[in-house]
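Notes follow once the structure below has been shown.
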Amino acid sequence: MGRGFVKSGSPGYELVDQVEDVDDNNQSRSQEAKPITATSHYAEAPRRRFFARQNCLIFGMSLAIALVFCLGLGFSDLGSADCPCRPSKVPQYFQTSPELWAGPTATGKAPFLAQTRTFDRAAGATYVPNDPLQTSLPIAGMDPRTNESIFRLMGYLSPYAPSPGFGVDEYPLPDGADIVQLQMLSRHGARYPTSDANVGALGRRIAAAKKHKFHAKGSLAFLNAWSYQLGAEILVPRGRQELFDSGILHAYMYSPLYNPNSKIIVRTTTQDRMLKSAENFMAGFFGLEWTRNATIEVIIEANNFNNSLAGYLNCPNSNKVGTGSDAADIWIRHYLQNATDRLAASIDGYKWTIEDSYAAMTMCPYETVAYGFSRFCELFTYEEWVGFEYAIDLSFYGDNGFGSPTGRAVGIGYQQEVMARLKNHTLGYSGSQINVTLDNNTATFPLNQSLYLDFSHDSNIIIRTPKPLSANRSGYLDTGGETKYIHFVLNQRTVPLGWSFPECDASRVDGWCELDAFLRVQDTMPGIARYDYACFGDYQVEKLAYGAVADGAPPS
């Protein structure tokens with residue numbers, strides 16, 4: 001769903017972001033840019049040491065007071081089960097610290113955008129403030145009339161931005177209608193690449209070449225001093241911001257759905273970036289004391305564990321699907337040939353390949369969300385970035401979407417959970433990869449919430465109206481009583497359900513679907529997905545050609 005962090009090298013002026021400070025009388029003071037000299041920087045040292053000692057003393061006193069508090073209450077053994085200073089034991093599925101099954105958590109080099117960003121004034125480029133990323137770049141071939149950022153052409157690697165829309169207009173609720181339930185499925189925020197990503201391989205190849213006669217020039221001259229320093233898997237600062245902002249957005253949109261006298265269950269997985277995404281969203285929605293309002297349930301994300309929020313982990317055939325990647329590879333070798341020839345001419349002592357060009361394009365969004373800016377972005381034309389987007393489309397459609405024989409099966413567990421909430425029942429058996437231990441218990445799969453928040457992509461919203469609402473939104477119909485609707489929202493724009501499900505009425509200008517019709521359609525989905533056969537059947541997944549599958553299920 002889902003969208004700053006200076007020290008002068010010589011005496012002069014240090015630019016300091018204007019911040020608000022509060023004095024002893026709670027009066028706000030502004031701190032402006034201030035002059036510094038080499039001597040004034042060190043003159044502060046004794047004062048800092050004084051306050052450091054005071055802080056240590058305060059910390060020591062606080063610790064002593066805490067110990068006295070426990071001992072004073074009669075708890076002489078801090079390790080005893082009765083001591084209130086010791087955290088109580090919680091079930092694994094509600095345990096968020098220490099993390100279990102967190103996955104790789106390697107961090108990377110800290111960003112230093114104030115020093116590393118560049119723009120060529122000689123070529124007419126103008127300064128554009130970062131917000132916080134430097135995404136307003138002058139790219140060759142960009143249409144000056146639209147000036148659309150290349151960061152809208154990077155698929156799943158694009159920093160979050162609201163969708164431009166899916167073909168239907170947005171409408172407010174009519175008078176007398178109420179939103180009665182939200183079911184939100186959110187992707188994690190922007191992150192470092194996976195451990196086996198092509199960007200890491202490019203970094204290793206260039207590092208190896210530098211041990212010999214590597215020399216880059218022209219647009220690639222920055223590679224002479226460049227090295228790969230990205231982390232792996234975990235959220236970058238922008239990713240934390242995206243989920244925090246999403247929490248704030250949803251708080252403005254749906255806060256009344258939360259019962260302030262309750263504590264809701266929020267679900268995520270044990271992957272570090274998933275857990276941190278949920279925590280940042282909660283902080284945005286409820287504030288820093290969100291643990292008073294919600295408990296995070298963490299479902300194990302590891303091979304062979306049932307997990308509806310990571311359905312591919314118990315679907316072995318999904319790991320064999322490669323038709324999308326194969327199709328994307330064919331396209332990459334076509335659209336990047338000119339760029340590869342152009343870049344290869346700027347390197348001596350290294351044979352630059354098409355694989356390097358594609359990895360360099362992939363490096364652009366990864367470095368941008370990690371550091372705020374990347375020199376790799378300006379190496380390619382706007383047309384080549386359009387080609388990059390299409391390569392991602394081919395890959396995801398064939399490997400994960402309706403072009404994949406396991407596309408439906410991987411997501412069917414979550415679909416069944418949404419239906420169970422809508423029909424107000426738990427799941428003792430599903431024939432899919434849900435965690436039955438959790439989903440068959442209202443303590444871990446509650447049915448009394450108006451606000452359901454899951455972290456792993458989209459939004460489902462029920463809307464209730466006093467009468468049926470006309471398809472052209474001209475008003476309520478005279479016949480019929482209270483009617484419930486599904487309003488499906490993806491990245492803040494309505495998805496027209498009738499275009500996919502005729503039962504939902506494709507003529508509806510608002511894209512809504514009556515709940516009863518939606519449930520009838522969804523009841524057929526497990527049969528279409530054929531989870532057991534799709535995930536475990538022997539139908540030679542690897543040999544399926546691109547286009548042989550068009551509905552997300554194995555061929556009959």
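Positions are given from 1 along the sequence.
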What distance separates [X] [atom1] from [Y] [atom2], expressed to the nearest 0.5 Å?
| X | Y | atom1 | atom2 | answer |
| --- | --- | --- | --- | --- |
| Met184 | Leu451 | CE | CG | 8.5 Å |
| Asp523 | Gln416 | CG | CD | 10.5 Å |
| Met274 | Arg191 | CE | CZ | 11.0 Å |
| Gln415 | Ile434 | CD | CD1 | 11.0 Å |
| Tyr414 | Ser432 | OH | OG | 13.5 Å |
| Leu243 | Met282 | CG | CE | 9.0 Å |

Any non-hydrogen side-chain atom of [X] less than 4.5 Å from a side-chain atom of [Y]?
| X | Y | answer |
| --- | --- | --- |
| Leu185 | Ser456 | yes |
| Tyr452 | Arg267 | no |
| Tyr531 | Pro526 | no |
| Ser404 | Asp399 | no |
| Val369 | Pro159 | yes |
| Trp512 | Arg473 | yes |
| Arg238 | Thr368 | no |
| Asp510 | Tyr485 | no |

Got a sec: does the [atom1] of [X] have more than 12 other heavy atoms crowding it under 6.0 Å?
| X | atom1 | answer |
| --- | --- | --- |
| Asp478 | CG | no |
| Phe402 | CZ | no |
| Tyr390 | OH | no |

Spell out, as yes or no, whether a donor-acceptor pair under 3.5 Å connects the side chain of [X] to the backbone of [Y].
| X | Y | answer |
| --- | --- | --- |
| Glu233 | Arg273 | no |
| Ser163 | Gly165 | yes |
| Asp178 | Val180 | no |
| Ser149 | Phe151 | yes |
| Glu170 | Thr494 | yes |
| Arg152 | Ser158 | no |
| Lys276 | Gln271 | no |
| Tyr476 | Asp175 | yes |
| Ser374 | Glu367 | no |

With a 3.5 Å cut-off and sequence neighbours excluded, list the donor-acceptor pairs that the side chains of residues 294-303 form with protein atoms.
| residue | atom | partner | partner atom | Å |
| --- | --- | --- | --- | --- |
| Glu301 | OE1 | Thr269 | OG1 | 2.4 |
| Glu301 | OE2 | Tyr312 | OH | 3.0 |

| query | With a 4.0 Å cut-off, would you call Glu514 and Arg508 a salt bridge? | reply | no

Which heavy atom in [X] sits nearest to a heavy atom in [Y], and how many Å separate them?
| X | Y | answer |
| --- | --- | --- |
| Tyr192 | Tyr366 | C-CE2, 3.9 Å |
| Phe455 | Ala278 | CD1-CB, 3.7 Å |
| Leu469 | Gly475 | CD1-O, 3.8 Å |
| Cys377 | Ile139 | O-CD1, 3.8 Å |
| Met361 | Pro365 | O-CD, 3.0 Å |
| Phe305 | Asn314 | O-CB, 4.0 Å |

| query | Parallel, tilted or perpendicular: which fits the ring planes of Trp385 and Phe388, with parallel below 30° and perpendicular above 60°? | reply | perpendicular

| request: Apply side chain to side chain contact (heavy atoms under 4.5 Å, CB included) to the pair Leu249 and Gln492, showing each step before the final yes or no. | output: CA-CA 10 Å; Leu249 169 67; Gln492 300 174 241; 3.6 Å; yes

| task | Decide if the gap between the ring center of Tyr258 and the ring center of Phe286 is smaller than 6.0 angstrom. | result | yes

| remark: Sorted by chain and residue number, the side-chain contact (heavy atoms from CB on, under 4.5 Å) partners of Leu519 (sequence neighbours excluded) come out as Met419, Leu422, Lys423, Leu515

| said: Checking Phe396 now: which residues fulfil ring-ring contact (aromatic ring centres under 6.0 Å, His included) with it, not counting sequence neighbours? | reply: Tyr156

| request: Would you mind telling me which of Phe244, Phe281, Phe285 makes a ring-ring contact (aromatic ring centres under 6.0 Å, His included) with His250? | output: Phe281

